[in-house]
Amino acid sequence: MSLNKNTLILEPKEYSKRSISSYKSIGTVFEFKEDFNNHKEIHIIICRLGLFLDMEFLSKFPNLEVIGSPTTSLTHIDEKVIQDGHIRVLSLRNCFEKVLNITSTSELTIGLTIDLVRRISAYSNSVLKDGTWNRDQFKTRQISSMNVGVLGLGRVGSFVAEVFGQFGASVRFFDCNKSIKSNSAKSVSKNLLLEKSDVLILCPSWEHENPVILGSKEFNIIKEGVLLVNTARAEIIDHACLVESIKLGKVSGYATDVLPIKYENDKVSSHELMKLHKEGFNIIITPHIGGRTTDAMSYTEDCIADLVLS
């Protein structure tokens, strides 16, 4: 029996067929295109990360009731929309227990860390792009001899801590939730984590209204020559402080899967980190691919479909 609730999928390419069938069970499913003009018919919008949903865009949908996003991040949705409350926003945070076993972002975090420490991409580019075979071009270390810090011991952080503990690294963590325990890492204060970590991996949760987690105070405390890895949110870092710390050598390398939302997609080339990479600094940037595996995407899309229909 149809509930006559129509759904618009903003990025329909390779979207879960099971999810689409679910949405069809309650109404018509539309796929978003540039010439889309059925705004008044839409009750549900399903989005990924490719578009920023601001008030101007959403004002075109007078009958919109629900936004569903198969993501843990909501930085692609205007915080005014979330705070207003007239449109219900559903994400993986509303069914967190269902995604505890998804490892895609954890795998990327581990891969970026190893790449950053061992300069794998830089060595590969020196061979493939420059035709240079030079084993001594970069100075690297083995992770088992390093102090690894994990800031935020949630789903991703706990997985990452366990893996690097298995490598033999000395692993410490800080989490605002003092009740969190780990068999793989030692709980320490935030300041001690910053002072001692050779590699600092950022895995905290973050909301629109939260302050930055690494600002000028933290960059003053942080260990000289630290390597930073961020697969959480770009907004947790003061990017002006980050860029300056890289230039000064306080941060000897930065690997990230996220940039501030205004730089993602077509404006990435204008970010200061791109300039630093071209100047030879140890920078790795991936285009927000943490959860971008076919396995994780289809599963999370189905989780959101179930949540929306319920």
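Since we're looking at a predicted model, the values are computed, not measured. FYI, the numbering just counts along the sequence from 1.
- Proximity of Ser21 to Lys24: side-chain heavy atoms (C-beta onward) are nowhere separated by under 4.5 Å.
- Rounded to the nearest 0.5 angstrom, Ile143 CD1 and Gln166 CD are separated by 13.5 Å.
- Between Lys190 and Glu218, at least one side-chain nitrogen of the basic residue sits less than 4.0 Å from a carboxylate oxygen of the acidic one, meeting the salt-bridge criterion.
- Considering only heavy atoms from C-beta on, Lys250 comes within 4.5 Å of Glu224 through its side chain.
- Considering only heavy atoms from C-beta on, Tyr299 stays 4.5 Å or farther from Asn101 through its side chain.
- For the side-chain contact (heavy atoms from CB on, under 4.5 Å) with Leu200, the lone residue among Asn230, Leu194, Val150, Val229 that qualifies is Leu194.
- By the 4.5 Å heavy-atom criterion applied to side chains, Leu214 and Leu242 are not counted as neighbours.
- In this structure, His39 has its ring center closer than 6.0 angstrom to the ring center of Phe61.
- For the side chain to side chain donor-acceptor pair (under 3.5 Å) test with Thr286, the passing option among Thr231, Thr256, Asp257, Asp115 is Asp257; the others fail.
- The CG atom of Leu108 sits 9.0 Å away from atom OG of Ser104, with the distance rounded to the nearest 0.5 Å.
- With values rounded to the nearest 0.5 angstrom, Ser121 atom OG is found 12.0 Å from Ile285 atom CD1.
- Side-chain contact between Ile26 and Asn6 is absent, with no heavy-atom pair separated by less than 4.5 Å.
- Between Glu272 and Lys275, at least one side-chain nitrogen of the basic residue sits less than 4.0 Å from a carboxylate oxygen of the acidic one, meeting the salt-bridge criterion.
- When the side chains of ILVMFWY residues are joined at heavy-atom separations under 4.5 Å, either directly or via intervening members, Ile201 and Phe219 end up in two distinct hydrophobic clusters.
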Evaluate the criterion side-chain contact (heavy atoms from CB on, under 4.5 Å) for residue pair Leu64 and His43; output intermediate values, then yes/no. CA-CA 4 Å; Leu64 183 63; His43 306 96; 6.0 Å; no
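- A distance of 9.5 Å separates CD in Glu162 from CD1 in Ile110, rounded to the nearest 0.5 Å.
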Applying side chain to side chain donor-acceptor pair (under 3.5 Å) to Asn147 and Ser197, what does each step give before you reach the verdict? CA-CA 5 Å; Asn147 294 318; Ser197 298; over 6 Å; no
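- Atom NE2 of His239 sits about 9.0 Å away from atom CD1 of Ile246, to the nearest 0.5 Å.
- Considering CG of Leu307 and OG of Ser69, their distance stands at 11.5 Å, rounded to 0.5 Å.
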Given side-chain contact (heavy atoms from CB on, under 4.5 Å), test Ser252 with Leu227 step by step and report yes or no. CA-CA 6 Å; Ser252 63; Leu227 295 167; 3.3 Å; yes
Asn282 vs Tyr254, test: side chain to side chain donor-acceptor pair (under 3.5 Å). Steps then yes/no. CA-CA 6 Å; Asn282 187 12; Tyr254 182 60; over 6 Å; no
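- A side-chain contact (heavy atoms from CB on, under 4.5 Å) with Thr113 holds for exactly one of Val199, Val163, Val148; it is Val199.
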Any chance you could lay out the side-chain contact (heavy atoms from CB on, under 4.5 Å) test for Val99 and Thr300, step after step, and finish with the verdict? CA-CA 7 Å; Val99 298; Thr300 54; 4.2 Å; yes
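- Note on Val268 and Phe281: same hydrophobic cluster, where clusters join Ile, Leu, Val, Met, Phe, Trp and Tyr whose side-chain heavy atoms are under 4.5 Å apart, directly or indirectly.
- The aromatic rings of Phe164 and Phe167 sit perpendicular to each other, their planes meeting at more than 60°, with 30° as the lower class boundary.
- Put simply, the side chain of Val258 does not reach to within 4.5 Å of the side chain of Thr75, judged on heavy atoms.
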side-chain contact (heavy atoms from CB on, under 4.5 Å) between Val188 and Lys186, intermediate numbers included: CA-CA 6 Å; Val188 296; Lys186 180 182 178 181; 4.3 Å; yes
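- You'll find the side chain of His271 reaches within 4.5 Å of the side chain of Pro260, heavy atoms only.
- Using a 4.0 Å cut-off between a side-chain N of Lys or Arg and a carboxylate O of Asp or Glu, Arg18 and Asp306 qualify as a salt bridge.
- Using a 30° and 60° split on the angle between ring planes, Phe32 and Phe36 fall in the tilted class, from 30° to 60°.
- Between Leu53 and Ile45 the shortest side-chain heavy-atom distance falls below 4.5 Å.
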